[in-house]
Amino acid sequence: MAIISGPAFGILLTLGLILGPTPNDERYPAAVAAVETALLQVNTDPEHGVDSLRAALIELHQFTPQLAEDPETLELRVLAELALARAQLAQGDRYAASATIDATLEALGDAPLSSDRLGPGLGALVAERQRVLEARGVARLRVECRAECRVLIDERNVGDVDTPGSAREIALPLGTHRIWVESLDETAGHTDPLRTTVSLDAAGSVVTVSYPASTDAVRTPAPRLDRAKESERSLDLGPPRRRVAPRWTEVTTLVAGGAALVAGAVLWAIDSRCPRGADPNDLAACPELYDTRTGGIALVSAGFAASLTGGVMLIVDETRAGDRRGTELGLAWTTRF
């Protein structure tokens, strides 16, 4: 399996060998503050806060070494990602919310995620995505180092490779993972850290990353912001519900029933009336009367039944179709989880 780019939070990351920020980079506190500000904004003004929070989270990914040593900010990031998913649900974009939650769960791995304060809508979606993630299975990432190195995955320290020429294997959930490998050998001179992403898409497979990588590796573009629906991975949101009947059948039944209902009402109304509008009591002018009561009642009954059947089927199918995108529109907002 090759190392490729993949989606996270609806964001397409394509990163190769680049030099990340230095440990003393003063931009890190500013990046953390930007996430805190965007988190407050998305909780108070979700319509305008989604883009700001997504951009702040992208920027925070650039500080892998600092995040790996900062558990409080890692927890803040999880809260921010859940707030982003909540806002996407409130906008009716369940696909984007699912992509955001998937990326959060893939990065957490075995770390627990408490859902006690998520609220009913978001909590249900998190539980659903957890089941999907567990059903996918896991793959293994093998990091081979020709010198002593440290391995960080999704901004979390997973251990060192202490023996040159050896490797470390880590079991990871299927999905996209951010990888950072840096040298611990101070005698070997400066070696740029390896920063890339891998996409694990087959349970039981093994993906190998070597460090240092070959010198002819091509630098790839910086991250760009994409909508989650343009993600390369399709989400397992379940098959769409089948219609009770084709739309044309439902509409035809409704229209035909309405026509029969109108015709029956007309026949019922003219029962015992003179064909030419004369006085029914004048036998000379009106020798015969309409006898349409039985037919009118039959048509009214049949038309009502057909209209009701077609209307119910149409309403049920249209409601089902709308539910796939609109069930979370009434989600109540709070400023705390």
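Values below: every heavy atom of this structure, side chains too, minus hydrogens, waters and symmetry copies. Only a predicted model underlies this, so the values are computations on that prediction, with no experimental measurement involved.
- Atom CG in Asp154 sits 8.5 Å away from atom NE2 in His61 (nearest 0.5 Å).
- The minimum heavy-atom distance between Gly264 and Val300, with the atom names listed, is C-CG2, 3.3 Å.
- Side-chain contact between Leu133 and Asp102 is absent, with no heavy atoms from C-beta onward closer than 4.5 Å.
- Taken from OH in Tyr211 to CD in Glu144, the straight-line distance is 14.5 Å, to the nearest 0.5 Å.
- Take Glu148 and apply the side-chain hydrogen bond (donor to acceptor under 3.5 Å, both in side chains) test, not counting sequence neighbours, and it matches no residue.
- Note that OG of Ser199 and CD of Glu106 are 8.5 Å apart. Values are rounded to the nearest 0.5 Å.
- Contact annotation: the side chain of Glu182 never approaches that of Thr64 to less than 4.5 Å [non-hydrogen atoms, C-beta and beyond].
- Note that CG of Asn43 is 7.5 Å distant from CZ of Arg86, once rounded to the nearest 0.5 Å.
- Nearest heavy-atom pair, Gly109 versus Pro173, reported as atom, atom and distance to 0.1 Å: CA-CG, 4.0 Å.
- One finds the OG1 atom of Thr294 at 11.0 Å from the CG atom of Leu299 (value rounded to the nearest 0.5 Å).
- Contact annotation: the side chain of Arg27 never approaches that of Gln62 to less than 4.5 Å [non-hydrogen atoms, C-beta and beyond].
- The side chain to side chain donor-acceptor pair (under 3.5 Å) contacts involving residues 165-175 comprise Arg140-Glu169, Arg142-Glu169, where partners must be two or more places apart or lie in separate chains.
- No continuous path of ILVMFWY side-chain contacts below 4.5 Å connects Leu40 to Val50, so the two sit in separate hydrophobic clusters.
- In this structure the side chain of Cys145 reaches within 4.5 angstrom of the side chain of Val181, judged on heavy atoms.
- Looking at Arg156 and Leu108, their side chains come closer than 4.5 Å, going by heavy atoms from C-beta outward.
- Checked against Thr100 for a side-chain hydrogen bond (donor to acceptor under 3.5 Å, both in side chains), the options Gln88, Glu81, Arg54, Arg129 give a single hit: Gln88.
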Can you list the steps and then say if Leu172 with Val207 is a side-chain contact (heavy atoms from CB on, under 4.5 Å)? CA-CA 11 Å; Leu172 296 172; Val207 175; over 6 Å; no
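- Partners of Ala31 by side chain to side chain contact (heavy atoms under 4.5 Å, CB included), not counting sequence neighbours, listed by chain and number: Glu59, Leu60, Phe63.
- Residues Val143 and Ile153 have side chains not in contact (no heavy-atom distance under 4.5 Å, counting atoms from C-beta outward).
- Here the side chain of Arg77 pairs no donor or acceptor atom with the backbone of Leu57 at under 3.5 angstrom.
- The two residues Pro212 and Arg146 make their nearest non-hydrogen contact at O-NH2, 2.6 Å.
- Scored by the side chain to side chain contact (heavy atoms under 4.5 Å, CB included) test, Gln41 finds His48, Ser52 as partners (sequence neighbours excluded).
- In this view, Leu76 and Val32, Val35, Glu36, Leu39 satisfy the side chain to side chain contact (heavy atoms under 4.5 Å, CB included) rule, not counting sequence neighbours.
- Shown here for Leu174 and Asp201, the closest heavy-atom pair between the two residues is CD1-C, 4.1 Å.
- For Asp70, the side chain to side chain contact (heavy atoms under 4.5 Å, CB included) partners two or more places apart in sequence, or in a different chain, are Tyr28, Glu72, Thr73.
- The minimum heavy-atom distance between Leu152 and Ala68, with the atom names listed, is CD2-CB, 4.0 Å.
- Two different hydrophobic clusters hold Val138 and Val158 under the rule that ILVMFWY side chains link at heavy-atom gaps under 4.5 Å.
- In this structure, the separation between CG on Asp162 and CG on Leu184 is 8.0 Å, given to the nearest 0.5 Å.
- Residues Ala97 and Ala85 approach most closely at CB-O, 3.5 Å, considering heavy atoms.
- When each of Asp51, Thr37, Leu53 is checked for a side-chain contact (heavy atoms from CB on, under 4.5 Å) with Val42, only Leu53 meets the rule.
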